[in-house]
Amino acid sequence: MMTRILRSFSLCILLAFVLCATALIHGQAASSQAKLSVHWEELTASDFREGIHRAQGVCLLPFGILEKHGPHLPLGTDLLDVRYAALHAADREYAIVFPEYYFGQIAEAKHEPGSMAYSRGLQLALLQETTDEMARNGCKKILIVNGHGGNSSLLPYFAQTQLDKPHDYVVYVFDERTPENGGPQKKTKIDMHAGESETSKMMISHPELVHPDRATGESGADQARQKISEDIYTGIWWYTRFPFHYSGEGAAATKELGEYQMNWWVDSMVKAIQQVKADDVSPKLQKEFYEKSTHPLDTQP
Ligand SMILES: [Zn+2]
């Protein structure tokens with residue numbers, strides 16, 4: 001009797017051990033799946049294939065720039081901030097994030113040290129080849145997340161010109177960086193470049209690169225030197241108003257504001273990735289559009 005009890009007991013222990021080991025192996029598999037990096041450059045070739053599958057073909061292209069950011073922020077502020085937000089967003093809603101990209105529009109800062117201002121043709125050609133190559137590797141939905149105000153005309157134009165000729169992928173542009181309201185009360189009215197908001201966000205993404213003590217070393221006030229109405233556009237408008245490539249007061253920045261704005265930015269980007277993943281209309285209608293555009297006379301109202 002006793003032997004039988006002992007034998008059943010040992011069997012139970014063995015069974016528990018087997019169950020535990022199985023759970024452990026499964027757990028390891030699950031955690032290695034959970035650990036797949038969102039960084040394009042960190043994935044192995046086979047992990048990249050798995051990543052594309054997991055991301056449902058959605059890849060992020062965080063777009064920054066190298067330009068002066070007042071007297072107190074680093075040249076790469078836009079890229080550092082947008083990558084911080086994009087990487088956190090992709091961690092929450094899986095997408096593959098393309099490496100550092102800063103080949104955008106910044107002609108208006110050529111008079112300041114450290115600006116990398118590529119020519120107009122190269123900006124468009126390089127971006128096109130980059131998205132073409134991303135798509136060839138399975139990124140059939142490319143979400144460009146813009147971190148730089150000077151790209152705000154370039155990127156919609158780039159997206160529009162994707163209709164020029166057929167592409168087997170869709171370009172989406174997400175160009176929001178700062179919430180209109182909510183969070184800690186802002187102290188300043190002019191806040192466009194290296195001001196209260198941008199400096200606050202840098203205090204979250206890279207606090208070690210912020211020099212608050214230098215923020216009042218130059219003026220970020222609006223010089224308002226152009227005497228034409230705002231509905232007439234000129235390329236020199238920015239220089240007429242902010243000749244020191246500084247708009248606002250970095251000294252007004254706080255970590256609390258930065259935290260609120262960065263969280264909002266990451267949340268908004270997560271929602272954007274989710275919408276892009278769910279969007280089956282754009283790829284379908286874009287394909288239909290390309291086909292129709294080869295024979296416009298047959299198109300009926
Ligand atoms: Zn900036």
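Remember, it's 1-based here, ligands and their atoms both numbered in the order they're listed.
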If you measure from OH on Y246 to CG on L73, what distance do you get to the nearest 0.5 Å?
8.0 Å

Which count of protein N, O or S atoms is obtained for distances strictly below 2.8 Å from the Zn ion (ligand 1)?
3

Value rounded to 0.5 Å, distance of CD in E50 from CD1 in I52:
10.5 Å

Residue pair E198 / T77, side-chain donor-acceptor N/O under 3.5 Å
no

Provide the full list of disulfide (SG to SG under 2.5 Å) pairs with a residue in residues 81-196, sequence neighbours left out, each pair given once.
C59-C139

State the CZ-CD distance between F98 and E41, to the nearest 0.5 angstrom.
9.0 Å

Between D191 and S197, is any side-chain donor less than 3.5 angstrom from a side-chain acceptor?
yes

